[in-house]
Amino acid sequence: MSSFRKALKSRQRNHHERSQPGFRKTIGLLEKKKDYKLRADDYHKKQNTLAALRKKALEKNPDEFYFNMISSKLEDGVHVMKKTEEEVTEEQKKVMKSQDMKYVEMKRVAEAKKIERLKGELHLLDTEGKQKNKHTFFVDSKKEVETFDLASHLNTAPELVDRVYNRPTLETLETKSIKGAVGPHNIKKLARQRKHQYKILSQRIDREKKMFVISQKIQSRKDLQDKNKKVKVKKETLYSAAIYKFESKRKR
């Protein structure tokens, strides 16, 4: 019977809705049922969306917080994650692209050895950046404070009071002969050379710090190629590499 019913349906005439009457063409398009159905579905969909949003707003926790709230922004009505720029200087980029980590580490170690050798030669006795030492003298009365003479108390010449190193006593100056350059011209020349050496030392220290930061950043980018799960603990800055915490994985 079912096959017979299907055969009858196949020969049935397709019934269409009546067309637009000629006398009401000036009124506008006559809406058919399929047009009404589309309009009604769209209306109900919008109403359901508004009801869901209204319910979500009523049930929202005021203390709720997600990191996406501060790490994303709206672009043409769509939430897009903010792009974080890498804290890398142009010099660091150039070195990281052109040099291998082993080469950078080798240069850093060489600079560190030169720094140690320079420190051993200069002793850092009268550097400008060094903190000044304080030497307090105690006396018994205010009169002694007014008549206090530093040179006589230290038992040295007044010209040597301001020196923080190589300050011999009067007995030493009388009994022993002075070795080395004693002329004003030679002393100034030695002071200029010493100042130049300190300048070279500070430049080498800065260079060694930069090489260390570059090697750390290269190593962190190398570690990021690992497929294990990781969490960023500290952001990358101009003076330090980013710190990541990797998930512990048992190795066979």
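Within the 4.5 Å cutoff, side-chain heavy atoms of Leu224 are placed close to those of Lys230. Counting heavy atoms from C-beta outward, Phe246 and Asp223 have side chains that approach closer than 4.5 Å.
For His79, the side-chain contact (heavy atoms from CB on, under 4.5 Å) test picks out Ser72, Leu74, with sequence neighbours left out. Residues that satisfy the ring pair (Phe, Tyr, Trp, His ring centres under 6.0 Å) test with Tyr244, not counting sequence neighbours, are absent from this structure. Partners of Phe65 under the ring pair (Phe, Tyr, Trp, His ring centres under 6.0 Å) rule, at least two apart in sequence or in another chain, are Phe67. Residues meeting the side-chain contact (heavy atoms from CB on, under 4.5 Å) test with Lys245, sequence neighbours left out: Val233.
Residue pairs meeting the salt bridge (charged side-chain N to carboxylate O under 4.0 Å, His left out) criterion with at least one member in residues 37-54, sequence neighbours excluded: Glu31-Arg39, Lys37-Asp41, Asp42-Lys46. Every pair passing side-chain hydrogen bond (donor to acceptor under 3.5 Å, both in side chains) that includes a residue from residues 138-150 is listed here, sequence neighbours excluded: Asp149-Ser152.
Across all non-hydrogen atoms, the minimal contact from Val213 to Ser240 is CG1-N, 4.1 Å. Closest heavy-atom contact between Lys217 and Leu238: NZ-O, 3.9 Å.
Interatomic distance, Ile115 CD1 to Gln203 CD, rounded to the nearest 0.5 Å: 11.0 Å.
Side-chain atoms of Gln20 come within 3.5 Å of backbone atoms of Gly28 as a donor-acceptor pair (strictly under, hydrogens ignored).
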